[in-house]
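A quick write-up on the structure given underneath.
Only a predicted model underlies this, so the values are computations on that prediction, with no experimental measurement involved.
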Amino acid sequence: AEAIRHEPNNDVAHIMLGSVYEGRGRPRDAVRHYRAALRINPDAWGAQLRLGWVLVAAEQPELRNWQEAWGLAKRVLQATGARSVRGWDLIGAAYAEMGRFKEAALSAENALRLARGQDVQTAPEDLDLPDLRIPTRPETGGDLSVEDLRFRVDCYRQHKTFLQCRADIQKGKTLPK
């Protein structure tokens, strides 16, 4: 917060503060700061992805907006040549919220392939992505594990949204194999 007082146009400071608020269970404040970062720098991938996740996975229904989350993820994928693990992960969650579980599973599989160092081979047609055959260096998933991604693929194949699967995990349930 101190950095923002001194540099109100610092998009990175807004992203960091948004992340702090998100970690403290204050998604409304997180959204406010992610949006501020995007007003300053519309191409800030970190803000796009973090805002997208809040919009697709917030427990407060009034904060959820899968359409906007889908659009943010699409922008990241287009900007990275479809080489963003987190972009594919987010768009998969947005597709699941739309009830488009086939596309959700395909998107989660693409995130998993990239996380394993493999190429993305196919994408839902409505994404209008660049030629996937052009090799580029993929963006890593950061702290997103292969297990997390594998779980999401299984989840979407069972026609469950990210929120439904998260609730199952919190109840101690696992997905049947």
Value for OG (S84) from CG (D89), rounded to nearest 0.5 Å, stands at 9.0 Å
Contacts of E68 meeting side chain to side chain contact (heavy atoms under 4.5 Å, CB included) (sequence neighbours excluded), chain-then-number -> R35, L51, L55, N65, L72
For residues R152 and L112, determine if any side-chain heavy atom of one lies less than 4.5 Å from a side-chain heavy atom of the other. no
With sequence neighbours excluded, what pairs up with A105 under the side chain to side chain contact (heavy atoms under 4.5 Å, CB included) test? Y156, R157
Minimal non-hydrogen separation, W66 against E97, with atom names: CB-CB, 3.7 Å
Can you get from V76 to M98 by hopping between Ile, Leu, Val, Met, Phe, Trp and Tyr side chains that sit under 4.5 Å apart? yes
Under the 3.5 angstrom rule, does the side chain of R75 hit a backbone N or O of W45 as a donor-acceptor pair? no
Interatomic distance, CZ@R64 vs OG1@T161, rounded to 0.5 Å, equals 8.0 Å
So does E103 get a backbone contact from the side chain of S107, meaning a donor-acceptor N/O pair under 3.5 Å? yes
For a quick test of reading the model, state the closest non-hydrogen atom pair linking E109 to V153 and the distance between them. N-CG2, 3.5 Å
State the CG-CD distance between N41 and Q48, to the nearest 0.5 angstrom. 8.5 Å
Any E22 side-chain heavy atom under 4.5 Å of P27 side chain: no
side-chain contact (heavy atoms from CB on, under 4.5 Å), that's the test. Do V85 and L149 meet it? Break it down for me. CA-CA 9 Å; V85 173; L149 294 168; 4.0 Å; yes
Donor-acceptor pair, distance only, cut-off 3.5 Å: does the side chain of R113 make one with the backbone of D119? yes
Heavy atoms of A115 and V146 approach each other most closely as CB-CG2, 4.3 Å
Is S19 reaching over with its side chain to a backbone N or O of I15, donor-acceptor style, under 3.5 angstrom? no
Within this structure, what is the CZ-CG distance for the pair R116 and L114, rounded to the nearest 0.5 Å? 11.5 Å
Please say yes or no: joined through hydrophobic side-chain contacts below 4.5 Å, possibly via intermediate residues, are V120 and W70 part of one cluster? yes
Decide yes or no on side-chain contact (heavy atoms from CB on, under 4.5 Å) for N10 and I4, but give the supporting numbers first. CA-CA 7 Å; N10 183 331; I4 291 173; 6.0 Å; no
Could you tell me if the ring centre of W88 sits under 6.0 Å from that of Y95? no
Applying side-chain hydrogen bond (donor to acceptor under 3.5 Å, both in side chains), name anything that partners E147, two or more places apart in sequence or on another chain. R150
Could you see if M16 belongs to whatever hydrophobic cluster contains L49? Use Ile, Leu, Val, Met, Phe, Trp, Tyr and a side-chain cutoff under 4.5 Å. no
Charged N-O contact under 4.0 Å between R28 and E62: yes
What's the separation between atom CZ in R24 and atom CG in D29, rounded to the nearest 0.5 Å? 10.5 Å
Pairs in or reaching into residues 40-56: which pass salt bridge (Lys or Arg N to Asp or Glu O under 4.0 Å), with residues at least two apart or in two chains? none
side-chain contact (heavy atoms from CB on, under 4.5 Å) between Y34 and W53, worked out: CA-CA 11 Å; Y34 296 148; W53 268 107; over 6 Å; no
Whether R39 and D11 form a salt bridge (side-chain N of Lys/Arg under 4.0 Å from carboxylate O of Asp/Glu) is what I want to check. no
List the atom of G92, the atom of A104, and the distance in Å for their closest heavy-atom pair. O-CB, 3.2 Å
Is it the case that D148 and S145 place a side-chain donor and acceptor less than 3.5 Å from each other? yes
Report the C-alpha separation of K74 and L77 in whole Å, then their side-chain angles, then the decisive distance to 0.1 Å, and conclude whether the side-chain contact (heavy atoms from CB on, under 4.5 Å) test is met. CA-CA 5 Å; K74 179 179 175 180; L77 289 172; 5.7 Å; no
For R166 and A57, indicate whether the former's side chain and the latter's backbone hold a donor-acceptor pair under 3.5 Å. yes
Heavy-atom pair with the smallest gap, counting every atom of L90 and A69: CD2-O, 3.9 Å
Residues that H33 engages under ring-ring contact (aromatic ring centres under 6.0 Å, His included), provided they are two or more places apart: H14, Y21
With sequence neighbours excluded, residues passing side chain to side chain contact (heavy atoms under 4.5 Å, CB included) with I169: F151
